[in-house]
Amino acid sequence: MSFALIDGNNFYVSCERVFNPKLEDRPMVVLSNNDGCVVARSAEVKALGVIMGEPWFKLKSLARKHHILAYSSNYTLYADMSNRMMAVLSTYSPQQEIYSIDECFLGLDGFDHFDLMAYGQRMRQQVKQWVGLPVCVGFGSTKTLAKLSNHCAKKFLAGQDGVCDLGQLSLMQLDTLLSRINVGEVWGVGRRLTDKLAERGITTVRDLQHADARMIRESFSVTLERTVRELRGVSCLELEELAPAKKQIVSSRAFGAYVYTLTGLEEAVSLYMARAAEKLRRQHSVAGAVQVFIRTNPFKDDHPQYQSGITIPVASPTSDTRRLTHSALLGLKHIFKTGYAYQKAGVMLMELRDSGHEQATLFKEPVPDRPKLMDVIDRANVQWGQGTLKLASEGVEKIWHMKRGNLSPHYTTSWQDLPRVN
DNA sequence: CTATAACTCTCAA
DNA sequence: CTAACGTTGAGAGTTATAG
């Protein structure tokens with residue numbers, strides 16, 4: 001068994017460029033919610049030294065100097081583009097694992113005598129032509145190696161034209177290549193681990209590949225030991241074709257403007273719970289407990305700080321927005337303290353299980369579930385847009401709404417957003 | 001004491 | 001003019017708590 005890992009290049013940036021070709025070759029970024037941080041960078045911006053996650057306001061002067069364009073994130077567009085890309089790639093193997101919005105693994109069982117380099121080129125070419133997005137392809141005998149291979153393809157380290165197959169290198173070539181890649185590029189090795197590994201003299205991928213497995217398990221973790229094995233070509237991570245149901249569902253957001261009142265927080269929590277409950281119903285689960293949390297802005301150290309959260313069990317597991325919201329608002333009242341500038345709130349659905357065979361309750365619920373009502377609400381919001389039907393507790397003013405200063409049109413999902421051609 | 005729950009840390013996109 | 005810093009999910013490891 002071997003794997004392919006296909007990854008979109010600067011995915012969000014590339015999505016914007018598909019519909020606005022003037023952005024090609026321009027230094028540009030896409031920002032996180034509230035136009036807060038840089039979450040995607042074009043090659044031109046990377047060359048200027050802009051790092052991932054940098055707060056946008058800190059880049060303002062650099063941006064002026066180099067005419068960096070910044071787009072608010074348009075997740076509706078990116079999700080739709082992702083679906084198109086995944087659909088094309090799914091035709092290249094009977095086994096696909098969609099790992100994130102911009103990357104997927106393919107299982108290559110029985111592709112032993114394929115010309116993988118040519119196969120990868122076909123994927124690239126077809127995704128570019130049919131969807132408009134540039135991608136890179138990496139092949140390897142384990143998922144970790146396929147990931148690393150993709151990294152090489154992107155950096156033109158051992159690949160040609162955005163495709164790389166580490167399996168085609170001789171042992172000597174591979175050894176040399178791995179000794180030139182920093183250990184931090186390995187899947188699962190973040191900044192913290194990079195530092196800890198460096199203390200033990202492990203700085204390159206090659207170092208990690210040859211590290212003593214028992215030492216790694218004892219000094220680090222079983223996870224890293226698995227990574228070492230995978231680097232040696234021993235497959236420890238399987239392809240997960242169907243995503244398992246989530247064990248928890250979170251909906252949280254920073255506000256566009258500080259919120260000071262309980263009413264304001266109640267509106268936000270109601271909205272977040274509506275989104276979370278939609279996700280819950282989509283995977284046909286019910287929740288046994290609800291967590292709600294609020295906090296002030298931790299970056300403002302001259303402001304009084306407060307953060308709190310509370311978990312409220314629901315009387316019986318449910319996916320009914322009204323009952324879940326009721327519990328969340330109960331919790332919110334409990335933790336709310338007046339006199340603070342709140343910057344973020346969120347809800348979490350916990351103790352999830354399959355709906356359908358719910359435990360019969362001993363006592364009658366004060367508020368009974370209304371599954372048909374929930375179904376009508378979900379359908380209406382899909383058909384006519386989010387927020388078409390909602391609970392009154394969400395309110396209407398929403399002065400705390402996200403900041404999205406430079407949002408591109410929903411080119412692929414809204415007729416209204418299509419530019420007029422005259 | 002052990003078993004579990006709750007919480008913290010790390011990583012990923 | 002100033003102030004302006006993401007979201008979601010998982011897993012492992014550690015600490016607190018119940019019995």
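Letters A, B, ... are given to chains in the order of the sequence lines, protein chains preceding strands, and every chain is numbered from 1.
For A:N34, no side-chain nitrogen or oxygen approaches OP1 or OP2 of C:dA4 to under 4.0 Å. Dashed line: the shortest gap from a side-chain N or O of A:K279 to OP1 or OP2 of C:dT7 is not under 4.0 Å. Within the structure, a side-chain polar atom (N or O) of A:K300 is placed less than 4.0 Å from OP1 or OP2 of C:dA4. Contact between the side-chain N/O atoms of A:Y12 and the OP1/OP2 oxygens of B:dA13 is not found at any separation under 4.0 Å. Phosphate contact (OP1/OP2 of C:dA12, side-chain N/O of A:R217, threshold under 4.0 Å): absent. In this model, the phosphate group of C:dT7 is not approached by any side-chain N or O of A:S251 to a distance below 4.0 Å at OP1 or OP2.
Rounded to whole Å, atom C1' of C:dA12 lies 16 Å from atom CD of A:E218. Summarising the geometry, the separation between CZ on A:R295 and C1' on C:dC5 is reported as 9 Å, rounded to the nearest angstrom. The separation between A:Q283 atom CD and C:dG9 atom P is 9 Å, rounded to whole Å. Rounded to an integer number of Å, the gap from CD1 of A:I98 to C1' of B:dA13 is 14 Å. A:M350 places its CE atom 9 Å from the C1' atom of B:dA6, with the value rounded to the nearest Å. Across the protein-nucleic acid pair, A:F220 atom CZ and B:dC9 atom P stand 18 Å apart, rounded to whole Å. Rounding to whole angstrom units, CG of residue A:D7 and C1' of B:dA12 are separated by 12 Å. What separates CD of A:Q248 from C1' of C:dT7 is a distance of 13 Å, to the nearest Å.
Salt bridge present: A:R229 and A:E225 bring a charged side-chain N and a carboxylate O closer than 4.0 Å. No salt bridge links A:D320 with A:R370; every basic N to acidic carboxylate O contact stays at or beyond 4.0 Å.
Residue contacts shown for A:K344 are limited to sugar-phosphate atoms, with no base heavy atom under 4.0 Å away. Within 4.0 Å of A:D35, counting heavy atoms only, lies no atom of the nucleic acid at all. Within the nucleic acid shown, A:K247 comes within 4.0 Å of sugar-phosphate atoms alone, with no base atom in reach, counting heavy atoms only. Residue-level contact check: A:R275 touches neither bases nor backbone, having no heavy atom under 4.0 Å from any strand. Nucleic acid contact for A:Y99: sugar-phosphate only, since backbone atoms but no base atoms lie under 4.0 Å from a heavy atom of the residue. Contact annotation for A:Q343: backbone-only contact, meaning every heavy-atom pair under 4.0 Å involves sugar-phosphate atoms and none involves a base. Nucleic acid contact for A:L193: sugar-phosphate only, since backbone atoms but no base atoms lie under 4.0 Å from a heavy atom of the residue. Using a 4.0 Å heavy-atom cutoff across all strands shown, A:E103 reaches sugar-phosphate atoms only and no base atom. Within 4.0 Å (heavy atoms only), A:W56 reaches no atom of the nucleic acid at all. At the heavy-atom level, A:K196 lies nowhere under 4.0 Å from the strands shown. Within 4.0 Å (heavy atoms only), A:V38 reaches no atom of the nucleic acid at all. As judged by a 4.0 angstrom heavy-atom cut-off over every strand, A:T311 is placed among residues making no nucleic acid contact.
Taking every side-chain heavy atom of A:V250 into account, C:dT8 is the closest of C:dG6, C:dA4, C:dT8. Set against B:dA13, C:dT8, C:dA12, the side chain of A:S252 has C:dT8 as its closest nucleotide. Closest approach to the A:A254 side chain among C:dA12, C:dT8, C:dG6 is made by C:dG6 (side chain taken as heavy atoms from C-beta onward). In this structure, of C:dG6, B:dA13, C:dG9, it is B:dA13 that holds the atom nearest to the side chain of A:S100. Among the nucleotides B:dA13, C:dT8, C:dC5, the one closest to any side-chain atom of A:R253 is C:dT8. Each of C:dA4, C:dT8, C:dG13 was ranked by its minimum atom distance to the side chain of A:V222; first place goes to C:dG13.
Shown here, C:dC5 forms no base pair; nothing in the strands shown gives a Watson-Crick or G-U wobble contact with both key distances under 3.5 Å. Across all strands shown, the partner of C:dA18 is B:dT2, judged by Watson-Crick or G-U wobble contacts whose two distances both fall under 3.5 Å. Using the Watson-Crick or G-U wobble rule with both distances under 3.5 Å, B:dC9 pairs with C:dG11.
Note: A:Y342 and A:F336 meet the aromatic proximity criterion, with ring centroids under 6.0 Å apart.
Comparing B:dA13 with C:dA4, their C1' atoms are spaced 25 Å from each other, to the whole Å.
A:Q209 and A:R232 share no donor-acceptor pair across their side chains, judged by distance under 3.5 Å alone. A donor-acceptor pair shorter than 3.5 Å can be found between the side chains of A:Y78 and A:E16.
For DNA chain B, no neighbouring residue in residues 66-87 of chain A is found when judged by any heavy atom under 4.0 Å.
In terms of modelled atom types and a separation under 3.5 Å, the side chain of A:T321 and the main chain of A:A274 share no donor-acceptor contact. A distance-only check finds no donor-acceptor pair linking the side chain of A:D165 to the backbone of A:L116 [under 3.5 Å].
Comparing A:I249 and A:K58 against DNA chain C, the residue whose closest nucleotide sits nearer the 5' end is A:K58.
Both tests hold for A:R253 against A:Y272: distance to the six-membered ring centre under 6.0 Å, angle to the ring axis within 45°.
Between A:T388 and A:N381, the closest heavy-atom pair is N-OD1, 3.0 Å. Across A:K247 and A:L352, no two heavy atoms sit closer than the pair O-CG, 3.5 Å.
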